[in-house]
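Naming: A, B, ... by sequence-line order, numbering from 1 per chain. From a predicted model like this one, the values you see are computed outputs, not experimental measurements.
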There are 2 protein chains.
Amino acid sequence: MKWSELSDNWCPVARTLSVFGDRWTLLILRDCFLGLSRFEQFAGSSGMTRHILADRLKRLVEAGVLAKQSYSDAPKRYDYVLTEKGQELAPAMMTLRDWGKKHLPVRRATAN
Amino acid sequence: MKWSELSDNWCPVARTLSVFGDRWTLLILRDCFLGLSRFEQFAGSSGMTRHILADRLKRLVEAGVLAKQSYSDAPKRYDYVLTEKGQELAPAMMTLRDWGKKHLPVRRATAN
DNA sequence: GTGCTTAAGTGCTGTTTCGGAACTTAGTGG
DNA sequence: CCACTAAGTTCCGAAACAGCACTTAAGCAC
């Protein structure tokens, strides 16, 4: 089965994963909850490549989870903020955080 | 940044995603919560390729989320059950399910 | 005892996605 | 004129994935 076919699966977990079930998307959302909103901030925080970041931001906007806003007309600059739909992922974020804190302790320090 | 470097990230969400942040792993876990436990059951339910399924099961066992048990010696047959660590993902599963039910309605039927 | 079936994988091949780095565009400041 | 910033885009090689066939070991049917 192709990943793209999952968005109409009978299972709501599968449908959710059709939006967030990849390696980077939830990390962008985490950064949004931490207050970040700009392309360069996401790129610096998560360490993902700019190519993938641009793609994921586009998908999240299409999914209605983030909204793209202009914060400067000249030059054209945009930032990304959580919609209400996105805000409602907060409980999911917290359960994932709690599970990680309990079951996946840090073994060694990393830069960021 | 490579995906594999995420397991020691400072952020517990990132560490959690180092285990589950791919396209299929959480779907296997969903099936476990639904009571499935065998290779062929997972393969049939999720529609993922057998190759990837075998890899993900191995990783989940290494991560301590699933336990591989023999249920038949001749022929050798195994099933996979949630450990306590895995059971504790239930709240995360439910928040993802609830978000999907609320924000991602089904548009057309699919054959599972 | 040859052939059919089941469970749990492995191997092979071609396609898709990803990682890393450089490049682009439009405007700002010196 | 030259460097710099933000938000991307382009290019290429590497890694992951999809689809299908094949394997192994036992059970059953004839």
Need two values: the first and the last nucleotide of DNA chain D, 5' to 3', having an atom under 4.0 Å from any heavy-atom of chain B. D:dC17 to D:dA26
Positions of residues 62-80 of chain B (non-hydrogen atom under 4.0 Å from DNA chain D), listed by number: B:A74, B:P75, B:R77
Joint hydrophobic cluster, A:F33 plus B:L6, side-chain heavy atoms closer than 4.5 Å: yes
Under 3.5 Å donor-acceptor, B:S72 side chain and B:R77 backbone: no
Is B:L57 linked to B:M48 within one hydrophobic cluster, defined over Ile, Leu, Val, Met, Phe, Trp and Tyr using a side-chain heavy-atom separation of less than 4.5 Å? yes
Student check: side-chain heavy atoms of A:V81 and A:L66 closer than 4.5 Å: no
Does the side chain of B:S45 come within less than 4.5 Å of B:R30's, by heavy atoms? yes
Are A:W3 and B:L29 joined in one hydrophobic group, where the rule is that I, L, V, M, F, W and Y side chains link up if heavy atoms are under 4.5 Å apart? yes
Apply side-chain hydrogen bond (donor to acceptor under 3.5 Å, both in side chains) to residues A:T95 and A:D98 and explain how you reach the verdict. CA-CA 5 Å; A:T95 56; A:D98 292 344; over 6 Å; no
For nucleotides 15-20 of chain C, tabulate all protein N/O to nucleotide N/O atom pairs closer than 3.5 Å, reporting atom names and distance.
unit_1, atom_1, unit_2, atom_2, d
C:dC18, OP1, A:R56, NH2, 2.7
C:dC18, OP1, B:R23, NH1, 3.3
C:dC18, OP2, A:R56, NH2, 3.2
C:dG19, OP2, A:W24, NE1, 3.4
C:dG20, OP2, B:M1, N, 2.8

Return the value, rounded to whole Å, for the distance between atom CG of B:L57 and atom C1' of C:dA8. 10 Å
Residues B:E62 and B:K68 bridged, charged N to O under 4.0 Å: no
Are B:M94 and B:I28 connected, step by step, through hydrophobic side chains (Ile, Leu, Val, Met, Phe, Trp, Tyr) whose heavy atoms are closer than 4.5 Å? no
Do A:R38 and A:Y78 have side chains that get closer than 4.5 Å, going by heavy atoms? no
Donor/acceptor link under 3.5 angstrom from B:R38 side chain onto base of C:dA8: no
